[in-house]
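For reference, the structure is listed below as structure tokens.
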There are 2 protein chains.
Amino acid sequence: MGYPGGVTSDDAARTPAPDPGKPATIYDVARVAGVSPSTVSRALSKPGRISATTEYRIREAAASLDYRLNPMARALPTGRTNTLGVLLSDITNPVYFDLLRGAGSAATAHGYTLVMAESQESPEQEQEAAVRLLPAVDGLVLVSTRLDDAAITQLADRKPLVLVNRQVPGVPGLVPDARPGITAALDHLGGLGHRSIAYLAGPTISWMNMLRRDAVFEGAPERGISVVEIGPNAPTLDGGRAALRRVRASGATAVLTYNDLIAIGLLSEAQAGGIDVPRELSIVGFDDIFGSDFTSPPVTTIRTPLARAGRAAVNRAVAEIAGEDVDGSVDLTTEFVLRGSTAAPRDERGA
Amino acid sequence: MGYPGGVTSDDAARTPAPDPGKPATIYDVARVAGVSPSTVSRALSKPGRISATTEYRIREAAASLDYRLNPMARALPTGRTNTLGVLLSDITNPVYFDLLRGAGSAATAHGYTLVMAESQESPEQEQEAAVRLLPAVDGLVLVSTRLDDAAITQLADRKPLVLVNRQVPGVPGLVPDARPGITAALDHLGGLGHRSIAYLAGPTISWMNMLRRDAVFEGAPERGISVVEIGPNAPTLDGGRAALRRVRASGATAVLTYNDLIAIGLLSEAQAGGIDVPRELSIVGFDDIFGSDFTSPPVTTIRTPLARAGRAAVNRAVAEIAGEDVDGSVDLTTEFVLRGSTAAPRDERGA
DNA sequence: CGCCCTTTGGCAACCGGTTGCCAAATCTGT
DNA sequence: ACAGATTTGGCAACCGGTTGCCAAAGGGCG
């Protein structure tokens, strides 16, 4: 026999193989329909290639056997797995919820399955996960990747790859335009009378962090606002909490944060320390995550269209896999969301 | 040729195939190491089967070619994909964050990849996703499934399957024990003087909802507390908001909710309507999700050990796949978390 | 030094599909 | 009724691994 769970060819040739536990194959279907396996294959996946009557007979046979195509067997000769990999830095970060849902719905719409892995903010783990996933997927979506350009380019050489929140020359990337939101936020803060603000930075390896920081540092001076950078901070609630001391020391009357988690952490720590937000300290978050609207006060923030980004990323990946050319311009603009964590600085009146 | 991207055997036999784009196979490795493909296969996956020196030579060759095993090719003859499927009712529900992370880390620890799909609370979509995933995974984890017993049993007959938040005879299931937390919550509410409470139910098809409801309806009378059921409600913020009117109409001074999302929705709607929580209405949530501690007041809730449940579920699934017998008792007990959304009812003093 | 037992590595079948090529069957037009 | 064009379906090779069986090589011991 030479093979483990095999069935002798005699058996297979005689019985219609009712259901010996193993799922039906195209060979079973072929036997029942009285055609050759290749005809079954074509009937089921090459519409029009086989005459209507034969195709009907085959479909009947397949249905009666509850035939299910084996994705692995199909993937082997074709190289296509109908699977997309998504890599995240941290699953428990609420920013990714909507993105994942958008990606998931777009994927099923295209008949793709999503496999997901997280890298816990570590470039090594991310690289390892990417390499591990690579042979099993048709394409990869890297969200807020912590990999460097070289590693990304190398990955992109092997399989279609789409970046979210990152731009690398020669690799398709979707990055929400932070400027509109930041501009509106600075206008708002400036209008309230703030003259000295701080930017609470995220991780140094975060590309988005640079982008946001640069936009703040470019826009603030134009409005006569001075700005200092405080960080790097872990992009978590604790990261925000730990930054309070330095925020107070800086004398800034308002802060823009790398993300909402930091903003919320900072807010809760401030309140625990008896600091009045927004009167003593204004806080502007980033992303508008789940939960940022039910803190007290609710946090003023800059919304990024994550669900749309997720959807666009898998659409793009699917197009890339199909070898289609795409114009690729998706509108991903940020939007200022005014809530309760910002107000005029106390000094304004006091001084 | 008969095959698309094929290489003629002449070419393959002569050149060491430097890197024509296609990744290296065991045949390439075999050629470079001067052994047969089967020896390569054994050297790489049957430790000890091949002599140390030959194995070393093979590993060298593999490394030099950057050989990567093709998971699909391996899966075909063995039937094992090293992939686990996780089905959720709703990815954007924060309850699942920790669960997913626990499941993810346990999966990678066992060398498994996680594929994930959501059913959007629809049994049909869930069934379809399960069937679609089934042939590509070694086992399935169904979290808060909306499927009926028959469908679950049928699935469990085809592949190892583990349930979370659901119990079906003959199928391994992990369900956190709601009683300790609910008992403590009722004691707390009773001690504060509440005599009339409401249970804000979740979806009717939710098995956990029944369990929680039953525990409340059993425990309340024992403490001289009357209880009414209000629902079903969508297990979302909006579901909670929509329920406020009926809560007020019921005259209950405190509510226990099916989950924290409903609790938070109810809380925000109450505050919008000028109702003082906790003085006019006490709220107890369920699960202790991300965000429930930074509402104002923070919500008193019953914590379920989700990360542990996720980890335990994949551990169990892996054991099941390996055919191991497991005692299976994992400690998953709920815990009452006292925060700010509960207080003595106003009537207590007023009446 | 020869015999027997253990290692070691190769052969070939097999997993379940896909597809280039070809021959038989069917259709067309006259 | 027949040559030629078109449909239809089968053959067989192939994707990249795994593994039962076996023969050759190596080792131990009397």
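Order of the sequence lines sets the chain letters (A, B, ...), proteins ahead of strands, with each chain counted from 1.
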**Asked** Between B:R49 and B:A73, which is nearer to the 5' end of DNA chain C once each is assigned its nearest nucleotide?
**Response** B:R49
**Asked** If you check every side-chain atom of B:R42, which of D:dT18, C:dC11, C:dG20 has the closest atom?
**Response** C:dC11
**Request:** Counting heavy atoms from C-beta on, name the nucleotide in D:dC11, D:dG16, D:dT19 closest to the side chain of B:S38.
**Result:** D:dT19
**Asked** Counting only heavy atoms not in A:Q167, do more than 12 fall under 6.0 Å of its CD?
**Response** yes
Measuring to OP1 and OP2 of [N], would you say a side-chain N or O of [X] lies under 4.0 angstrom away?
{"X": "A:K46", "N": "C:dT19", "answer": "yes"}
{"X": "B:S36", "N": "C:dG9", "answer": "no"}
{"X": "A:T39", "N": "D:dG10", "answer": "yes"}
{"X": "B:Y27", "N": "D:dC14", "answer": "no"}
{"X": "B:R74", "N": "D:dT18", "answer": "yes"}
{"X": "A:T54", "N": "D:dG9", "answer": "yes"}

Contact class for [X] (heavy atom, under 4.0 Å): base, sugar-phosphate, or nothing?
{"X": "A:S51", "result": "sugar-phosphate"}
{"X": "B:R80", "result": "nothing"}
{"X": "B:T25", "result": "sugar-phosphate"}

With no hydrogens and no angle check, is any side-chain donor or acceptor of [X] less than 3.5 Å from a backbone partner on [Y]?
{"X": "A:K159", "Y": "A:V137", "answer": "yes"}
{"X": "B:S119", "Y": "B:L88", "answer": "yes"}
{"X": "B:T108", "Y": "B:G104", "answer": "yes"}
{"X": "A:R80", "Y": "A:A75", "answer": "no"}
{"X": "A:T83", "Y": "A:T81", "answer": "yes"}

**Prompt:** Hey, what bend do you get for the helix from C:dC1-D:dG30 to C:dT30-D:dA1 if you fit axes on five pairs at each end, rounded to 10°?
**Reply:** 30°
**Item:** Which residue lies more 5' along DNA chain D, comparing B:S41 with A:V40 via nearest heavy atoms
**Value:** A:V40
Whole-Å distance between [N] [atom2] and [X] [atom1]?
{"X": "B:I50", "N": "C:dT6", "atom1": "CD1", "atom2": "C1'", "value": "14 Å"}
{"X": "A:M72", "N": "D:dC14", "atom1": "CE", "atom2": "C1'", "value": "19 Å"}
{"X": "A:N70", "N": "D:dC15", "atom1": "CG", "atom2": "C1'", "value": "13 Å"}
{"X": "B:L76", "N": "D:dC15", "atom1": "CG", "atom2": "C1'", "value": "9 Å"}
{"X": "B:L44", "N": "D:dT18", "atom1": "CG", "atom2": "P", "value": "8 Å"}
{"X": "A:I26", "N": "C:dG17", "atom1": "CD1", "atom2": "P", "value": "5 Å"}

**Asked** Does A:S38 have any side chain to side chain donor-acceptor pair (under 3.5 Å) partners at least two apart in sequence or in another chain, and if so, which?
**Response** A:S36
**Message:** Whether A:D90 and B:R101 form a salt bridge (side-chain N of Lys/Arg under 4.0 Å from carboxylate O of Asp/Glu) is what I want to check.
**Reply:** yes
